[in-house]
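See structure below.
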Amino acid sequence: MSYQRFKTKQLKVGSVLVGGDAPISVQSMLFTKTRDIKGCLEQLNRLYFAGADIVRLACLDMADARALKEIKAQSPLPLIVDIHFNHKLAVFCAQFIDAVRINPGNIGGKDNVKEVVRACKARQIPIRIGVNSGSIEKEFEQKHGHTVEAMLQSALYNIKLLEDFDFTDIKISMKCSDTQKTIEAYERLRPLCDYPFHLGVTEAGTKFHSTIKSSIALGNLLLKGIGDTMRVSMTGELEEEIRVAKAILQDSGVQKSGVNIISCPTCGRIQSDLVKAIKIVEERVAHIKKPLNISVMGCVVNALGEAKGADVAIAFGKGQGLVIRHGEVVAKLKEEDLVERFLEEVEDEAKSKEA
Ligand code: SF4
C-alpha cells in the first residue's frame, strides 16, 4: 500500500502551518471555562508539554472573549476560538486570535458572515467550518435527515457562504460520533475542494472508546491521504488526547516522530519482569521527538530478529539480557542493570540522530 497525501491549500494558524506539505498537526480543546484565565493557562501548559500543536477554546460571551485576549497574550500555543450564533464575539476575537471556528450557517445571515470574514481577512487568519452531525442546519436535516448527505450539503453551503465573500482561508471538519459516517463524510467531501481538513470523531467518549473509534476513523482516513490536522476527543482527558493522536500518526506510518516501541506480549517462556521494564521505558522515552525504533523483547526467540530492525533493543533472558544497537550486541548485563543501560543507548541514539 503506498501512502499519498491529498494536496491541500496551505494555511497558517499562528506559527503552525496547516495543509499542503506541512506536518499533520495535533489539536486539543480546553475543558475549563474560558473566563477562568488561570485554569486555561494551566491546561494550555499541560498541552504544550504533551506536544500539542494547536488548541481550541469555547467562547460563550464577552466575559469569555475578554479573558481569551489575556490567555492569548500568555499562551505557549496557537489558539482557535470556537463560536456559535454570535457573530459579534467572532469579530471581537478575530482581532487577537489565530483562527476562528464557526458554522457560517448559524451565525445569523449573510451580513453577519460578511462582518466575520472582513475581520478575519484584516488579520489574515483562517476560518474553520465545523460541520457536526448533531448541529446541521434545519433545512438540510429536514431534507436529508441525520445522514452524511446532510453533512455534505451543509459543508458545501457553508464553503460557498465564505467563498461568495472572496474568502478562501478555510479549514473544514466533518465530525460525527459514528465512525463509518465520519469516514464517509470526509471521503465524499475530499474530491470537491482543496481546503485542508481537520479530522475528528465527535463525542467519541471515554479514553477507552475514543482511542478505538479515533484509531479506526482517523487511521482509515489518514492512510487514504486525507487529513491535515486532527483531534482525538476524549471525555475529561488532555495529555492522553495528544498521546493517542501522535500514536495514530506514528503507528499508521503516516508521520514518524518520537519513539516507536516494539514489545512482545510475553508468554510462558519469559524469565524476567518485562512488564515492569516496558513501563519504565515508555515513561523515560516519552520526551524524545526524533523518530526511533526500539524493541523490548522477553526472550531470544524473536528478540534478535526484532533487534535487526531496531535502533536499540533489549533481549531479556534468564536473570540477564543483551542490549543491542543496530544489530550489534553492545552489552550483556544482569537483569537489574539492563534497562538503565538500554536507556543510555536510546538517549545517545536520539542525540546522534539530532546531530
Ligand atoms: S519474545 Fe519470547 S517471551 Fe516474548 S512472547 Fe515471544 S516467545 Fe514469549
Side-chain angles (χ1 to χ4, degrees), residues 1 3 50-51 206-220 222-223 232 234 237 239-354:
M1 179 180 175
Y3 166 70
T206 57
K207 183 158 84 174
F208 176 73
H209 284 289
S210 168
T211 300
I212 293 169
K213 285 184 189 177
S214 302
S215 302
I216 293 168
L218 275 51
N220 186 302
L222 288 166
L223 285 169
V232 169
M234 284 182 191
E237 300 281 346
E239 289 90 342
E240 196 64 12
E241 285 197 359
I242 307 304
R243 212 162 82 95
V244 173
K246 287 188 177 278
I248 291 172
L249 287 169
Q250 174 88 263
D251 293 343
S252 62
V254 163
Q255 193 160 284
K256 297 281 181 199
S257 72
V259 177
N260 176 34
I261 305 175
I262 297 151
S263 68
C264 81
T266 78
C267 73
R269 279 192 195 88
I270 199 145
Q271 300 189 70
S272 52
D273 195 350
L274 183 121
V275 177
K276 183 177 159 200
I278 197 71
K279 277 191 183 144
I280 296 170
V281 168
E282 200 171 38
E283 257 177 45
R284 300 263 302 269
V285 302
H287 67 285
I288 295 175
K289 297 263 189 302
K290 280 280 152 196
L292 283 189
N293 280 320
I294 63 173
S295 88
V296 181
M297 303 288 283
C299 77
V300 288
V301 171
N302 294 318
L304 300 180
E306 288 295 349
K308 282 182 192 152
D311 294 295
V312 190
I314 288 187
F316 278 101
K318 188 178 177 186
Q320 59 175 8
L322 305 174
V323 178
I324 302 164
R325 193 160 164 184
H326 296 296
E328 300 286 326
V329 176
V330 292
K332 184 176 179 184
L333 295 165
K334 284 193 216 145
E335 183 181 341
E336 55 267 35
D337 301 324
L338 213 50
V339 170
E340 280 308 316
R341 176 61 195 274
F342 170 76
L343 288 167
E344 278 172 26
E345 295 290 336
V346 171
E347 290 290 345
D348 190 58
E349 181 68 21
K351 274 193 197 116
S352 62
K353 290 215 168 176
E354 267 162 34

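Atoms within each ligand, like the ligands themselves, are counted from 1 in listed order. Note that the coordinates shown come from a computational prediction; the quantities given were computed from them, not determined experimentally.
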More than 12 heavy atoms of other groups within 6.0 Å of Glu354 CD: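 Yes, CD of Glu354 has more than 12 neighbouring heavy atoms, counting only those of other groups under 6.0 Å.
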
Do other residues, nucleotides or ligands put more than 12 heavy atoms under 6.0 Å from the NZ atom of Lys332?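 12 or below, so no.
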
Distance criterion under 2.8 Å: protein N/O/S atoms around atom 4 (Fe) of ligand 1: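 Excluding waters, the total comes to 1.
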
Can you tell me how far apart CD1 (Ile324) and CG (Leu304) are? Round to the nearest 0.5 Å.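 Going from the CD1 atom of Ile324 to the CG atom of Leu304 covers 5.0 Å.
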
Using the side-chain contact (heavy atoms from CB on, under 4.5 Å) rule, pick out the option among Leu218, Ile212, Asn220 that qualifies with Ile216.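 Exactly one candidate clears the test, Ile212.
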
Glu335 side chain to Asp273 main-chain N or O, any donor-acceptor pair under 3.5 Å?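 Flag set: sc Glu335 to bb Asp273 pair under 3.5 Å.
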
Of all residues at least two apart in sequence or in a different chain, which pass the side-chain contact (heavy atoms from CB on, under 4.5 Å) check with Asp251?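 Counting only residues at least two positions away or on another chain, Asp251 forms a side-chain contact (heavy atoms from CB on, under 4.5 Å) with Ala247, Asn260.
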
